[in-house]
Every structure is written in C-alpha cells, then in structure tokens.
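Working notes, beginning with the structure itself.
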Amino acid sequence: MLRSQTVGILGGMGPAAGADFVRLFVEACAQHMRSRGEPVRDQGFPEHWLAQVPVPDRSGALESAALGAHQPLEPMLQALGRLAALGSRAVAIACNTAHAWHATLQERFPQIEVLHVAREVSAHLAAEGVRDAALMATEGTYRVGLYEKAMADAGLACHLPLADERRLLMRGIYDGVKAGDMRLAEACFSRVARQLADRHGPLAIVMGCTEIPLGLQGSAAVAGLRLVDPARVLASALAIRAYGGARNLVAHSPL
C-alpha cells in the first residue's frame, strides 16, 4: 500500500468551490493509486482536512489596499494554524485570489508547504508544451499579477481580457455562481472565453477563479475550447504531496 502523509485544504472562498476541491483531490488520489498499480480502496486515501472558514472578500480587499488588504489574512492564518495542528504537511488554497497573501502564509508556517496555484498551473502548461495562454480571473487576481508573473517565469505568454470582459467575469462570479444563478454564470463566462479565443486564436484558457469551472460545467457554449481548471491541477499537485512526491515547479520566487 502507498504510504501517505496528512494534507490540508484551505477553503470557504466560496464554500462550494472548497467542497468541489475535495472532490477533485479524491479523484486525483484515485488516479495516483491507479498509476502506481495500486488498488483503489478506502484505506489507500491519505488523511486530509478541509477548513471551510469565512474569509472577507479578497478582490474587495485588494481594491482598497490601505484599508482592507489585511482583512482576509487573519482568518486564513487561523485556519492554516488549525491545519498545521492537525498534522498537515502540505496545504492547498482553494481560491486563486487568496494567493495574493501566499508569501505571508508560507512565511508564518515554514513547516508546511503552501502550494502556489499559479506556479503549479504554469509548470503544468509548460510541461505540456503550451506557450500562449489566456486568463479568466477576478479583478483581485489581475491586480496582483498572480498568473502573469508565474507564466512569465515559466516562459509563457499571458493574454488578459479587456475591461468590459473583466466586468462580465466579475458579474458571473458574484451575481452568478456565488448567488446560485448558474445560467447567468454560464452566459458570462462562455462569452468571455469565446471572445478570448476569437481574438487570440487557439490557446489554453486558464479558468483562474474557482467559481468559473463551476459555472461552465457541461456548457456546450465552450465546446472545442482548451479550458484549464487550476483547481484540478492544484488538486493533483496536492495528491502528489500527500503520497510523498517531491515538488516539481518552475523557479520559486515571491510575488
């Protein structure tokens, strides 16, 4: 039987995305067992903990850095402390925008590897031979250049939506997925994805907010597009860590 170590998931941003990340992690663990020739059984899954904590809006905090940028950090630090106390050796954050505080989280808990979603995704794309990618994300993620820097470090070009497309993404995230209106979410997300593909040609489109894949599940409107789900990539990376795998990232430099 494969040996494993305890890992954690920092969720709650939003809760549906955190819960869905657990599903992706379990799928990744099962795939890992199959790839090693191990039978998939209950006892083969690693111990893993999900911390679903209320965290103030990340994009909103980043928009008013002088007054609000500290707000999401404290509950994330508290949750990371709980995951550390439970024995987690590696932790994935089930929110792209929350990685704006990744450096501080990693600094405060050096005994834990806090995975970095943009670096994992960039390394994954580079390994697949991708050279151009477009990014669908929140305003907060764009504001801190989360993916742009990670992709540049991996030798990838990162294409961003126009201002009106960004507003459409935010509407799909907040008025769509977070409000439970999946039809609105699908309409907003699929429109932006199609516009990016029309403007830049065939390329990988990174769904850089955990709400976006939820809104596009089963959507015929994006058939034929190469959509990349960072949550799935991150879940696979966490599964590798759970089974004692080494890191396999591009240069690890702070944001």
Side-chain angles (χ1 to χ4, degrees), residues 9-24 50 52-65 67-69 71-73 75-76 93-101 117-118 121 133-148 158-200 204-232 234:
I9 300 162
L10 179 50
M13 304 172 276
D20 193 59
F21 191 91
V22 176
R23 176 185 65 83
L24 295 174
L50 169 64
Q52 289 273 49
V53 295
V55 178
D57 184 73
R58 282 70 60 202
S59 288
L62 292 170
E63 287 175 11
S64 55
L67 298 176
Q71 294 174 2
L73 180 59
M76 286 194 290
I93 307 170
C95 171
N96 287 262
T97 310
H99 284 74
W101 293 270
V117 66
V121 169
L135 176 64
M136 297 168 60
T138 66
E139 285 291 358
T141 296
Y142 293 127
R143 185 176 295 273
V144 298
L146 186 74
Y147 276 90
E148 294 93 304
C158 182
H159 302 284
L160 304 180
L162 303 177
D164 62 325
E165 294 168 342
R166 293 188 188 189
R167 287 191 291 270
L168 202 57
L169 289 173
M170 292 296 281
R171 186 183 178 205
I173 291 167
Y174 286 89
D175 297 337
V177 176
K178 289 183 182 293
D181 189 345
M182 292 307 194
R183 291 184 63 184
L184 174 63
E186 180 187 4
C188 292
F189 299 153
S190 62
R191 180 177 173 185
V192 175
R194 280 292 172 191
Q195 289 175 340
L196 286 167
D198 291 343
R199 190 158 63 245
H200 299 291
I205 300 177
V206 176
M207 299 180 288
C209 171
T210 47
E211 316 290 356
I212 294 176
L214 297 178
L216 283 177
Q217 284 180 349
S219 173
V222 291
L225 299 184
R226 184 175 185 179
L227 300 177
V228 179
D229 183 356
R232 190 174 292 278
L234 188 62

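Side-chain N/O atoms of S190 and S219 include no donor and acceptor closer than 3.5 Å.
Across all non-hydrogen atoms, the minimal contact from L62 to G140 is CD1-O, 3.6 Å. Shortest non-hydrogen contact noted between M136 and Y142 is CA-OH, 3.4 Å.
R199 is linked by a side-chain hydrogen bond (donor to acceptor under 3.5 Å, both in side chains) to E165, counting only residues two or more places apart in sequence or in another chain. Legend: residues meeting side-chain hydrogen bond (donor to acceptor under 3.5 Å, both in side chains) with D20, ordered by chain and number and at least two apart, are R23.
Atom OH of residue Y174 and atom SG of residue C188 lie 14.0 Å apart, to the nearest 0.5 angstrom. Between the CG atom of L10 and the CD atom of Q52 there is a distance of 9.0 Å, given to the nearest 0.5 Å. Of the inter-residue distances, the one linking I93 atom CD1 with W101 atom CH2 reads 10.5 Å to the nearest 0.5 angstrom. To the nearest 0.5 Å, atoms CD (Q71) and CG (D57) are separated by 9.5 Å. Taken to the nearest 0.5 Å, the CG atom of D164 stands 10.0 Å off from the CG atom of L169.
Exactly one of L214, L216, L135 qualifies for a side-chain contact (heavy atoms from CB on, under 4.5 Å) with M207. That residue is L216.
A donor-acceptor pair is defined here as one N or O able to donate and one able to accept, closer than 3.5 Å; such a pair exists between the side chain of R58 and the backbone of P56.
Every pair passing side-chain hydrogen bond (donor to acceptor under 3.5 Å, both in side chains) that includes a residue from residues 175-184 is listed here, sequence neighbours excluded: K178-E211.
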